[in-house]
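Worksheet for the structure shown next.
Just so you know, these numbers use all the heavy atoms, side chains as well, and skip hydrogens, waters and symmetry mates.
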Amino acid sequence: MKNNNISSSLIPHPSSLILVTGGAGYIGSHTLIELDKAGFDFIVLDNLSNSSEKAIRRVEKIINKKIPFVKGDIRDKKLLREIFKENKIDSVIHFAGLKAVGESVEKPLEYYENNVCGTNNLLEVMKEFGVKKFVFSSSATVYGEPDKMPVTEDMQTGVGITNPYGRSKYMIEEILKDLFISDNSWKIAILRYFNPVGAHESGMIGEDPEGIPNNLMPFITQVAVGKLPKLRVFGGDYPTHDGTGVRDYIHVMDLANAHVKALEYLNNNNDLNEPLIVNLGTGQGYSVLDMVKAFERASGVKIPYEIVDRRPGDIAKIYANPNKAKELLGWEAKRGIDEMCESAWNWQSKNPKGYKGE
Ligand code: NAD
Ligand code: WQD
């Protein structure tokens, strides 16, 4: 693996490893901490297209352990084969993917190539090596614009999705279902995340988007540190309690912990007759203005905002019914919006320039 930055060869290989794709990213880096806490060993593969190796280095400090890291792409089959040949990989947690909704409308082919073809590639190599345990980062976006709230896992997916990013998640879900039909010895978990926010309590890792953030929470925190002048609230006339969009925000550490539970579920259940599909949310919907107020409480910083036109493609309201995750995984979100905002502020105020400020 000459051209890749591999530190795994320096480290004694444990008997079985989890391959974490996209592990340098926002959710992946937080999940590494929970995996380590639960006693799992892992190797990270990330092409760093939307992240920094510094995140991995900081997680190493938090867990006080060297992390085997491969800089590379899930679309590179040769590299994947080398990774599977050199390491005894038992399962894969697959975070790697492009995720900017607006960009996906501009560059649909890049999104389908990276997300759908990349995942297909990864699954093919897993199959070659007989590795059949797979945890996938899906999204509430697969529900499109649901007609009932809260959203349950048996509701229709794939209809009314407004962008290629969302459709790529739906397509991958369908590929995974077909794969299971073809060979039911696969153990697959499809995790439908709602809106992950916040950061690890250390403030050493967090969300560090490139350029102007698309998502609400990093936008708010960048206004708070003075990087952006004010928040634009997209739409004040939705049929919600204050007219602004309602979402199910979930603390990234709760989300991270759900991956451990999902993996344990796959490890402990040998008679699965379908892929496990679960919503990961709190079940609680908060509006944009609720989040602004909570953030102001947590940080003591006033967030100037103006209400502007709706953002194309947005829906008024979506929140999860998280009961299935509780019943099957014994998992539920523990942290509320105050903790989400405090931890997001802790990360942003300690790292006003994100990882670039180091
Ligand atoms: P992120 O961009 O921070 O992390 C994704 C990581 O994947 C990045 O480190 C990026 O460099 C890497 N990557 C991208 N393409 C790759 C490729 N071809 N090969 C190797 N590495 C590649 O995003 P995140 O917020 O941590 O999201 C992780 C996963 O969860 C993504 O699949 C995303 O679609 C999904 N998801 C995220 C959200 C959210 O709001 N953050 C919600 C639902 C689902
Ligand atoms: C939340 C609310 C906005 C920014 C997106 C993807 C989804 C998932 C999570 C990956 C909405 C409002 C936002 C701003 C605002 N990602 N808002 N001003 O749209 O629920 O979901 O991220 O799977 O696929 O679509 O999250 O954080 O962008 O928006 O008023 O500057 O905040 O209109 O009501 P969203 P978001």
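- For residues 42-52, the set of pairs meeting the salt bridge (Lys or Arg N to Asp or Glu O under 4.0 Å) definition, not counting sequence neighbours, is empty.
- In this structure, K230 pairs ionically with E306, as a charged nitrogen and a carboxylate oxygen lie closer than 4.0 Å.
- Pairs engaging residues 208-224 under the salt bridge (Lys or Arg N to Asp or Glu O under 4.0 Å) rule: E210-K356 [sequence neighbours left out].
- Here V101 sits in one hydrophobic cluster together with L98, Y111, Y165; the rule is ILVMFWY side chains under 4.5 Å apart, joined directly or through other members.
- The ring-ring contact (aromatic ring centres under 6.0 Å, His included) test applied to F84 returns F129, not counting sequence neighbours.
- Applying the ring-ring contact (aromatic ring centres under 6.0 Å, His included) criterion to Y249, with sequence neighbours excluded, gives no partner residue.
- Under the ring-ring contact (aromatic ring centres under 6.0 Å, His included) criterion, Y26 pairs with H30, sequence neighbours left out.
- Residues passing the ring-ring contact (aromatic ring centres under 6.0 Å, His included) test with F95, sequence neighbours excluded: H259.
- For K350, there are no salt bridge (charged side-chain N to carboxylate O under 4.0 Å, His left out) partners two or more places apart in sequence or in a different chain.
- Judged by distance alone, with hydrogens and angles left aside, the side-chain atoms of S138 form no donor-acceptor pair with the main-chain N or O of R192 at under 3.5 Å.
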Legend entry - From CA spacing to verdict: side chain to side chain donor-acceptor pair (under 3.5 Å), N195, Y319: CA-CA 9 Å; N195 290 59; Y319 54 94; over 6 Å; no
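- Side-chain contact, H200 with N346: no donor N or O sits under 3.5 Å from an acceptor N or O.
- R310 forms a cation-pi arrangement with Y238, by the criterion of a distance under 6.0 Å to the ring centre and an angle within 45° of the ring axis.
- Here D154 pairs with T152 under the side-chain hydrogen bond (donor to acceptor under 3.5 Å, both in side chains) rule; sequence neighbours left out.
- Applying the salt bridge (charged side-chain N to carboxylate O under 4.0 Å, His left out) criterion to E103, with sequence neighbours excluded, gives K107.
- Annotation: salt bridge (Lys or Arg N to Asp or Glu O under 4.0 Å) contacts involving residues 329-340, sequence neighbours excluded, comprise D254-R335, R297-D338, K326-E332, R335-E339.
- Counting only residues at least two apart or on different chains, the salt bridge (Lys or Arg N to Asp or Glu O under 4.0 Å) pairs with a member in residues 114-138 are K77-E124, R81-E128, D90-K133, K132-D183.
- Using a 3.5 Å distance cut-off with no hydrogens or angles, the side chains of S343 and H251 do pair a donor with an acceptor.
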